[in-house]
Amino acid sequence: MPILPPQQRTDVRRDRTDVRQAEAALVEHYPRLVRLAYVVLPPGLGRHRRVLAAHAVVQRALPAVGGGAPPTRVPAQSRRSRPTGGTSDTGAGTAYGWMRLRVLRTALAYERRPRWWPGRLPAPATLRPTVPVVWGLRLFPRAGGADELALDRALSRVDGAARAAFALQLLEGLDASAARDLLARAAVDDPADAVRRAAGLGSPDRAGARAMLGSGEFDPCTVQTRPSDLLRRRQRVRAAAVAAALCVLAGGLVVAVEESTRETGADRSAAGVLAPVLDPAELLRTAAEQWADTSRVDFTAWPARGGRTGDEELLGRALRAWAEPSGSVRVTATQGTGTVPPVEPPRLLFAGEVDGAAVVLFHDSADRVVRYAEPLSGTGGAALDFARTDDADVTTGAAVVIGRTGDGARFLLAPWIAESTTRDLLAPDTPGRPLPVGRDGVTAAVPRPSLGGACDAWPVLRLRSSERIVEKHAFLVTDLGDLAPVHLTYTPKPGRGAPSRQPREATGPEALLSWARTACSLRTLSAAGVRSVNNWAFAEQKLPEGGGPAEWLCTRAETWRGPGRVLVQFLPAASSPTEPAAVVADRGDTALCGRFGQHVLAGTHWKAPSGRWYVLAAGSRAVTRIEAKGAVRGSADGTAFAVRAPRDAEVELTAAVRGGGTLPAVY
């Protein structure tokens with residue numbers, strides 16, 4: 001009988017070697033892979049869960065021996081240096097490239113989870129124990145500046161495929177073709193569309209966007225820690241200690257509950273189910289001086305104020321109305337704001353009496369401010385109002401409308417507001433008037449802007465932060481009909497040869513003159529969930545026939561839910577400092593005139609003093625040439641353009657931009 005040599009298990013050895021190479025690539029490039037996963041993961045997970053999920057995605061990317069190993073021939077350099085990316089080397093044939101593909105697939109799978117799937121786990125097909133697990137701490141990447149925050153919001157408005165395309169090009173250095181190929185291998189349905197949509201993110205300052213992606217805001221390996229809710233954690237520990245004893249009585253309790261239900265009926269209402277969450281005794285309350293000793297200056301730093309913070313009957317009615325409002329409760333919410341009950345006890349901000357009503361103000365973990373009001377006398381019903389407060393800060397978390405009567409409104413000011421005055425935007429040369437504020441932080445009644453009829457006044461609040469927060473910082477807010485007033489800012493004209501400027505507080509003479517001519521346009525933004533509005537003076541122009549100087553403004557409104565709206569306004573020379581500007585373009589859901597839409601071109605028809613009509617156009621500082629086609633033709637170098645044209649001439653305007661590319665006019 002022939003003797004056969006023993007079988008050699010070369011497949012297992014090869015798998016083990018390849019897995020070791022993959023592990024070496026993972027360990028060497030771990031921070032890069034985790035950053036890539038963090039950018040691709042859905043922002044809706046929240047920063048803490050996204051940090052943990054990013055680490056879990058990378059750690060689970062390492063395969064088991066025999067479980068689908070990387071390519072059998074792995075270049076040696078892949079174990080020592082990261083592929084450079086780009087067209088010359090995408091890293092696709094290396095252990096690093098193979099690990100990157102697995103990380104990408106798993107991160108994208110989070111967005112394809114069923115809606116009912118738990119938020120901490122990926123889709124069922126990739127379900128494994130979630131590691132790492134952190135108990136008792138909340139993890140957050142280092143907070144960035146306004147630019148990083150704006151980029152994070154822009155990424156949250158696109159899907160995972162577009163975020164992946166953006167990250168592959170800016171973090172990994174891949175060109176568009178290589179990014180499309182890698183997305184196709186990651187099972188993205190339309191890689192070309194994802195790359196096209198990613199091209200609009202961070203454009204045109206791709207170098208700046210690349211630097212921001214490399215900042216601490218998007219680094220889940222360098223994190224800050226905060227404790228979870230300590231009081232609630234202690235309560236849970238005590239509850240766990242008695243859980244075993246309760247289990248012994250579970251059988252008897254079930255029988256008793258069933259009999260009681262048959263006899264008297266069980267409380268199946270939302271308020272009954274959420275009873276532990278809606279207990280007034282469980283409401284969170286912030287210490288009075290915590291705002292001065294925290295780096296998070298927002299609604300979580302507001303103490304509970306008002307004369308009825310200890311009235312548990314009032315607080316209970318407010319919480320029950322929130323959980324299950326009756327037909328007599330009027331419920332309103334700003335656009336994009338949910339009205340569902342809280343998932344954990346909210347924070348109490350105020351409970352007191354304002355203008356004949358008992359008012360309660362809450363803030364919950366879903367970044368909402370909720371106002372409950374019931375009349376002190378009469379038969380009127382209660383009111384429940386909701387507003388979003390995502391990422392509120394010193395200015396956007398500085399005040400809340402606590403009550404409205406007739407043509408006036410009262411505000412509850414943040415504890416860090418040291419000085420408050422009122423002024424009229426349509427009277428830029430008139431000084432502000434002191435605004436009385438009670439010990440509970442409630443202001444005297446402030447006239448409300450008229451949202452209909454004649455626009456002959458526009459009241460605003462000028463607030464100054466305490467020097468314990470920031471020195472010499474004053475800002476303007478105005479009431480547009482929501483719970484949270486709107487923060488007004490101003491971006492001045494760029495200087496000759498100077499870099500582009502950033503929005504600043506609209507408290508200086510130049511800013512006030514700009515807002516005097518554009519304040520009435522704020523009417524179109526009423527009750528739209530607007531967070532802030534910025535006036536950007538993007539161009540100036542000398543009008544033909546000695547028509548004097550003209551200014552072009554881009555008024556951009558940012559909403560709490562993300563999308564922005566833009567009004568382009570033309571301001572010719574005027575005899576009155578409050579003569580309204582002419583709105584020449586109105587665009588919704590756009591990045592124009594913001595951090596990711598820095599170039600703008602606009603045009604309008606204008607009548608000269610002689611009676612002749614012109615087509616005027618102006619562009620932002622990067623515009624080098626403007627061209628008109630259609631009923632009239634013409635071109636001009638620079639940022640301004642004027643050509644004779646019939647009154648209703650249809651003209652197509654385009655501009656050349658420094659560095660290449662063309663820019664269409666906004667209408």
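FYI, the numbering just counts along the sequence from 1.
Pairing each heavy atom of Ala288 with each of Pro303, the nearest pair is CA-CB, 3.8 Å. Between Ala358 and Leu314, the shortest heavy-atom contact is CB-CD1, 4.0 Å. In terms of heavy-atom proximity, Ala528 sits nearest to Thr559 at O-CG2, 4.0 Å. Looking at every heavy atom in both residues, Gly381 comes nearest to Pro375 through O-CD, 3.6 Å. Taking all atoms of both residues into account, the shortest heavy-atom contact from Asp424 to Pro459 is OD1-N, 4.3 Å.
For the pair Asp479 (side chain) and Pro485 (backbone), a donor-acceptor distance under 3.5 Å is absent. Formation of a donor-acceptor pair under 3.5 Å by the Ser465 side chain with backbone atoms of Ile417 is not found in this model. Judged purely by atom type and a 3.5 angstrom limit, Arg371 has no side-chain atom pairing as donor or acceptor with the backbone of Val360. Distance alone, capped at 3.5 Å, is enough to place a donor-acceptor pair between the Arg556 side chain and the Leu592 backbone. Checking side-chain atoms of Trp560 against main-chain N and O of Thr337 turns up no donor-acceptor pair under 3.5 Å. When atom types are taken as modelled, the side chain of Arg157 and the backbone of Gly562 share a donor-acceptor pair closer than 3.5 angstrom. Formation of a donor-acceptor pair under 3.5 Å by the Thr590 side chain with backbone atoms of Arg587 is not found in this model. Side-chain atoms of Asp482 never come within 3.5 Å of backbone atoms of Ala484 as a donor-acceptor pair (strictly under, hydrogens ignored). No donor-acceptor pair under 3.5 Å is formed between the side chain of Thr294 and the backbone N or O of Trp291.
For the side-chain hydrogen bond (donor to acceptor under 3.5 Å, both in side chains) condition, no pair includes a residue of residues 439-451, sequence neighbours left out.
Looking at Arg464 and Trp416, their side chains never come closer than 4.5 Å, going by heavy atoms from C-beta outward. Using a 4.5 Å cut-off on side-chain heavy atoms (C-beta onward), Leu413 and Leu463 make contact. Between Pro141 and Asp219, every side-chain heavy-atom pair lies at or beyond the 4.5 Å cut-off. A heavy-atom distance below 4.5 Å is not found between the side chains of Thr422 and Val460. Using a 4.5 Å heavy-atom cutoff, the side chains of Leu483 and Ile402 are not in contact. Proximity of Leu480 to Leu522: side-chain heavy atoms (C-beta onward) are separated by under 4.5 Å at one or more points. You'll find the side chain of Thr478 stays beyond 4.5 Å of the side chain of Leu461, heavy atoms only. Side-chain contact between Arg410 and Arg404 is absent, with no heavy atoms from C-beta onward closer than 4.5 Å.
Rounding to the nearest 0.5 Å places NE2 of His55 at 10.0 Å from OH of Tyr38. The CZ atom of Arg347 sits 13.0 Å away from the CZ atom of Phe362 when rounded to the nearest 0.5 Å. Atom OG in Ser526 sits 5.0 Å away from atom CG in Leu451 (nearest 0.5 Å). The OH atom of Tyr372 sits 10.5 Å away from the CG atom of Leu315 when rounded to the nearest 0.5 Å. Taking CH2 from Trp515 and OG from Ser521, the interatomic distance works out to 6.0 Å, rounded to the nearest 0.5 Å. The structure places OG1 of Thr300 at 9.5 Å from CG of Leu349, a figure rounded to the nearest 0.5 Å.
Take Gln290 and apply the side-chain hydrogen bond (donor to acceptor under 3.5 Å, both in side chains) test, not counting sequence neighbours, and it matches no residue.
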Chi angles and distances behind the side chain to side chain contact (heavy atoms under 4.5 Å, CB included) call for Leu435, Phe411: CA-CA 11 Å; Leu435 176 62; Phe411 296 84; 5.7 Å; no

Run the side chain to side chain contact (heavy atoms under 4.5 Å, CB included) test on Asp279 and Leu319 for me, step by step, so that the C-alpha distance in whole Å, both residues' side-chain angles and the decisive distance to 0.1 Å come before the verdict. CA-CA 8 Å; Asp279 183 355; Leu319 290 168; over 6 Å; no

Derivation and outcome, side chain to side chain contact (heavy atoms under 4.5 Å, CB included), residues Leu348 and Leu284: CA-CA 6 Å; Leu348 178 63; Leu284 303 180; over 6 Å; no

Show, in sequence, the C-alpha distance, side-chain angles and deciding distance for Ile469 and His473, and conclude whether the side chain to side chain contact (heavy atoms under 4.5 Å, CB included) test is met. CA-CA 9 Å; Ile469 295 291; His473 178 230; over 6 Å; no

Take Asp159 and Arg163, measure what salt bridge (charged side-chain N to carboxylate O under 4.0 Å, His left out) needs, and give me the verdict at the end. CA-CA 6 Å; Asp159 60 14; Arg163 291 193 299 271; over 6 Å; no

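Between Trp302 and Phe350, the gap from one ring centroid to the other reaches at least 6.0 Å.
Side-chain contact, Thr332 with Asp385: a donor N or O sits under 3.5 Å from an acceptor N or O. Arg368 and Thr389 are not linked by any side-chain donor-acceptor pair at a separation below 3.5 angstrom, with hydrogens and angles left out of the test.
Considering Arg531, Glu505, Glu558 in turn, Glu505 is the only one that fulfils the side-chain hydrogen bond (donor to acceptor under 3.5 Å, both in side chains) rule with His487.
Note on Arg153 versus Asp390: no salt bridge recorded, every NZ/NE/NH1/NH2 to OD/OE distance being 4.0 Å or above. Remark: Asp589 does not engage Arg565 in a salt bridge, criterion side-chain N to carboxylate O under 4.0 Å.
Within 6.0 Å of CG in Asp407 there are 12 or fewer heavy atoms belonging to other residues, nucleotides or ligands.
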